[in-house]
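Letters go in sequence order (proteins before strands), and every chain restarts at 1.
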Number of protein chains: 2
Amino acid sequence: MKSKASASTAADGCLTDAIKAYRDTGAPLEQCPVRDVLDQIGDKWSTLLMLTLAERAHRFGDLRRAVPDISQRMLTQTLRDLQRDGLISRTVHPTVPPSVEYKLTTLGQSLLEPLAHLIRWAEANHAAIRTARAAFPA
Amino acid sequence: MKSKASASTAADGCLTDAIKAYRDTGAPLEQCPVRDVLDQIGDKWSTLLMLTLAERAHRFGDLRRAVPDISQRMLTQTLRDLQRDGLISRTVHPTVPPSVEYKLTTLGQSLLEPLAHLIRWAEANHAAIRTARAAFPA
DNA sequence: CGGGATCCCTGCCGATACTG
DNA sequence: CAGTATCGGCAGGGATCCCG
């Protein structure tokens with residue numbers, strides 16, 4: 001990595017290496033890990049549910065109450081997608097009425113750490129973004 | 001923060017605090033910093049362009065070549081949105097033919113650091129995700 | 001309680017053509 | 001070269017109803 005004497009950490013150089021290295025493989029761009037992961041966590045609800053489950057395991061109804069503005073269709077679907085990718089586990093307790101518990105898997109918990117950085121950045125810089133946005137001409 | 005003796009870092013506790021603290025303010029959920037930022041970087045091209053610009057400043061055509069599968073409509077639009085949020089700068093050189101240079105702002109560069117964590121996670125765990133995905137019943 | 005099935009609409013995004 | 005303008009598909013996602 002060429003030194004750039006910038007204020008940031010080692011982030012600069014490493015970032016695009018990932019993309020370029022992948023591009024050089026000739027593999028279809030759609031399978032790029034960065035794109036694949038970002039597609040998943042970039043949807044409307046995944047991250048929010050991950051954060052909610054980071055707190056503690058939740059039942060279906062708990063999640064609805066924790067994220068009031070999600071439709072149960074999207075709740076079901078997002079949970080299934082997260083489970084499909086191995087980020088959360090789904091446990092059915094054969095009680096009556098049924099009870100289903102969702103919790104993060106080890107893989108899902110490992111995602112929390114990079115997410116935490118992003119969230120801290122969001123909180124720290126949200127004001128700056130909103131300011132820039134307001135100052136921008138229509 | 002209650003100790004949980006989990007394997008992860010201090011991530012767990014801090015994460016949801018952000019959401020909950022915001023929820024408690026009674027402010028509209030739509031203005032939650034986490035949601036707002038995620039909405040922006042979660043779209044199809046923003047992150048990819050940020051990463052490309054992390055390498056070096058690019059002209060419009062350079063970006064098209066660097067990200068081959070983006071339409072010029074989305075390139076224009078995504079660049080404008082990123083500029084609007086103060087993440088990149090747009091400099092027009094009054095040459096003929098015109099030349100426009102895009103580069104990260106300081107704010108944009110600061111976003112690279114949390115993004116780098118996410119990308120490293122994506123690279124490290126992409127295989128696990130694909131495995132889980134393949135093993136999941138239709 | 002925890003979903004599945006269906007209807008429908010918005011807006012994201014691609015393709016194409018045109019301009020300074 | 002660096003855009004703008006317009007059209008159109010279709011997938012993301014909400015609302016509602018139904019079921020074990």
Side-chain angles (χ1 to χ4, degrees), chain A residues 28-30 32 35-50 52-53 57-85 88-103 136-138, chain B residues 28-30 32 35-36 38-50 52-53 56-85 88-103 136-138:
Chain A
L29 289 168
E30 291 71 25
C32 168
R35 295 197 187 197
D36 199 5
V37 171
L38 255 46
D39 272 5
Q40 175 58 30
I41 72 152
D43 76 357
K44 194 171 181 180
W45 302 109
S46 290
T47 308
L48 226 38
L49 291 180
M50 290 289 295
T52 305
L53 290 176
H58 280 69
R59 293 178 52 183
F60 191 85
D62 290 340
L63 285 171
R64 291 199 69 175
R65 278 181 291 277
V67 187
D69 52 347
I70 192 175
S71 67
Q72 103 277 53
R73 171 188 160 80
M74 288 320 294
L75 180 52
T76 301
Q77 180 176 306
T78 306
L79 287 172
R80 202 188 318 110
D81 289 345
L82 291 174
Q83 185 196 358
R84 183 172 187 272
D85 284 5
I88 67 175
S89 67
R90 177 179 183 270
T91 309
V92 181
H93 298 98
T95 61
V96 42
S99 160
V100 180
E101 189 186 66
Y102 294 92
K103 60 178 299 191
F136 199 73
Chain B
L29 289 169
E30 291 71 27
C32 168
R35 296 198 188 197
D36 198 6
L38 256 45
D39 271 5
Q40 175 59 30
I41 72 153
D43 76 359
K44 193 171 182 179
W45 302 109
S46 290
T47 309
L48 226 38
L49 291 179
M50 291 288 295
T52 305
L53 290 176
R56 56 175 173 82
H58 280 68
R59 293 177 54 183
F60 191 85
D62 290 340
L63 284 171
R64 292 199 68 173
R65 277 181 292 277
V67 187
D69 52 347
I70 193 175
S71 67
Q72 99 285 39
R73 171 187 160 77
M74 288 319 294
L75 181 52
T76 301
Q77 181 175 307
T78 306
L79 287 171
R80 203 187 317 109
D81 288 345
L82 291 174
Q83 185 196 359
R84 184 174 187 271
D85 283 5
I88 67 175
S89 66
R90 176 180 184 272
T91 310
V92 182
H93 298 98
T95 61
V96 43
S99 161
V100 180
E101 189 185 67
Y102 293 93
K103 61 178 299 192
F136 199 72

Under 3.5 Å between N/O atoms: give me all the protein pairs with nucleotides 16-20 of chain D, atom names plus distance.
from, atom 1, to, atom 2, distance (Å)
D:dC17, N4, A:Gln72, NE2, 3.3

Exercise for the section: Rounded to the nearest 0.5 Å, what's the gap from CD on A:Glu101 to CG on A:Asp62? Could you check? Expected result: 9.0 Å
Exercise for the section: Answer yes when A:Arg84 and A:Asp81 have at least one side-chain N-carboxylate O distance shorter than 4.0 Å, and no when they do not. Expected result: no
Problem - Whole-Å gap separating P (D:dG12) and CD1 (A:Ile70) - result: 15 Å
Problem - Interatomic distance, B:Arg65 atom CZ to B:Ile70 atom CD1 [nearest 0.5 angstrom] - result: 14.0 Å
Completion exercise
Residues of residues 74-82 of chain A with a heavy atom under 4.0 Å from any atom of DNA chain D, listed by number, are A:Met74
Exercise for the section: Could you tell me whether the side chain of B:Ser46 and the main chain of B:Gln40 form a donor-acceptor pair under 3.5 Å? Expected result: yes
Practice task
List the atom of A:Thr78, the atom of A:Trp45, and the distance in Å for their closest heavy-atom pair.
Solution key: OG1-CB, 4.0 Å
Exercise for the section: Take atom CD1 of A:Ile88 and atom P of C:dG2, then tell me their distance rounded to the nearest Å. Expected result: 14 Å
Exercise for the section: Look at all strands and tell whether A:Arg90 reaches a base, only sugar-phosphate, or nothing, counting heavy atoms closer than 4.0 Å. Expected result: sugar-phosphate
Exercise for the section: For A:Arg64 and D:dA15, give me the distance from atom CZ to atom C1', rounded to whole Å. Expected result: 11 Å
Exercise for the section: Any chance you could measure B:Asp36, atom CG, to B:Ile41, atom CD1, to the nearest 0.5 Å? Expected result: 11.0 Å
Exercise for the section: Figure out the CD/C1' separation between A:Glu101 and C:dC1, and round it to whole Å. Expected result: 15 Å
Problem - Phosphate OP1/OP2 of C:dG3 contacted by A:Tyr102 side-chain N/O (<4.0 Å) - result: yes
Exercise for the section: Quickly work out the B:Asp62 CG to D:dG3 C1' distance and round it to whole Å. Expected result: 15 Å
Handout entry: Euclidean distance, B:Asp85 CG relative to B:Arg80 CZ, rounded to 0.5 Å
Key = 12.5 Å
Practice task
For A:Phe60 and C:dG2, give me the distance from atom CZ to atom P, rounded to whole Å.
Solution key: 7 Å
Problem - Within residues 38-46 of chain A, residues whose heavy atoms come under 4.0 Å of DNA chain C - result: none
Handout entry: A:Leu75 side chain reached by A:Leu49 side chain, heavy atoms, under 4.5 Å
Key = yes
Completion exercise
In whole angstroms, the gap separating C1' of C:dC13 from CG of B:Leu48 amounts to 15 Å
Practice task
I would like to know whether A:Phe60 and A:Leu79 meet side chain to side chain contact (heavy atoms under 4.5 Å, CB included); could you show each step before the answer?
Solution key: CA-CA 9 Å; A:Phe60 191 85; A:Leu79 287 172; 4.1 Å; yes
Practice task
Report the residue from B:Ile88, B:Leu63, B:Val67, B:Val100 that forms a side chain to side chain contact (heavy atoms under 4.5 Å, CB included) with B:His58.
Solution key: B:Leu63
Handout entry: Residue pair A:Thr47 / B:Arg35, side-chain heavy-atom distance below 4.5 Å
Key = no
